Amino acid sequence: MTQVPPTMREPMADHNRRLSLGLDPEDFAREAGITVEELKAYEMATHDLGFDLGVADRVGAALERLEANPPPSQRVRN
């Protein structure tokens, strides 16, 4: 699976992917190496207002890593 470039990320879609993994913001932020505040700001962002590309990159990498090896909390299995 190839990671989407940070400029092409969709914060709401990433939010939904995090929810599908069954991870709360605190656990996911820790996995991604960002703060909870950074995660919340990213997940609420839009392309019109912009978002932190470094946070987007970390979120994308964490999602791909966790989806490849899902945690026991994952609610939806593909």
Side-chain angles (χ1 to χ4, degrees):
M1 196 181 310
T2 304
Q3 184 174 337
V4 175
T7 56
M8 301 298 292
R9 299 218 61 85
E10 295 290 337
M12 183 51 71
D14 288 345
H15 168 77
N16 291 333
R17 289 170 68 190
R18 175 182 64 79
L19 293 178
S20 292
L21 288 166
L23 293 173
D24 63 29
E26 292 79 13
D27 290 337
F28 185 81
R30 188 173 26 260
E31 285 284 338
I34 59 175
T35 67
V36 175
E37 292 77 21
E38 289 173 318
L39 176 63
K40 288 180 180 180
Y42 171 72
E43 288 183 341
M44 295 185 72
T46 64
H47 278 284
D48 296 345
L49 298 176
F51 48 83
D52 185 315
L53 295 179
V55 170
D57 192 43
R58 287 177 177 259
V59 167
L63 285 168
E64 289 197 14
R65 184 176 65 253
L66 290 166
E67 288 172 339
N69 187 15
S73 60
Q74 184 175 14
R75 295 183 187 143
V76 178
R77 300 217 182 262
N78 295 329

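Computed from a predicted structure; not experimentally measured.
Closest approach of L39 to A29, counting heavy atoms only: CD2-N, 4.2 Å. The nearest pair of heavy atoms linking L23 to F28 is CD1-CD1, 4.0 Å. Nearest heavy-atom pair, P6 versus L53, reported as atom, atom and distance to 0.1 Å: CB-O, 3.5 Å.
Atoms CD and OG1, on E10 and T46 in that order, are 10.0 Å from each other to the nearest 0.5 Å. One distance of note links CG of L21 with CG of N16; it measures 11.0 Å at 0.5 Å rounding. The CG atom of L66 lies 10.5 Å from the CD atom of E64; values are rounded to the nearest 0.5 Å. Note that the CZ atom of R65 and the CG atom of N69 stand 10.0 Å from one another [nearest 0.5 Å]. Note that CD of E31 is 10.5 Å distant from CG of L63, once rounded to the nearest 0.5 Å. Atoms OH and OG1, from Y42 and T35 in turn, are 14.5 Å apart once rounded to the nearest 0.5 Å.
Taking A45 as the reference, P11, F51 meet the side chain to side chain contact (heavy atoms under 4.5 Å, CB included) condition, with sequence neighbours excluded. With sequence neighbours left out, the side-chain hydrogen bond (donor to acceptor under 3.5 Å, both in side chains) criterion links R9 to D14. For D27, the side-chain hydrogen bond (donor to acceptor under 3.5 Å, both in side chains) partners two or more places apart in sequence, or in a different chain, are R30.
A 4.5 Å side-chain heavy-atom check between R18 and H15 finds at least one atom pair inside the cut-off.
Using a cutoff of 4.0 Å between basic side-chain nitrogens and carboxylate oxygens, E38 and R58 are not scored as salt-bridged.
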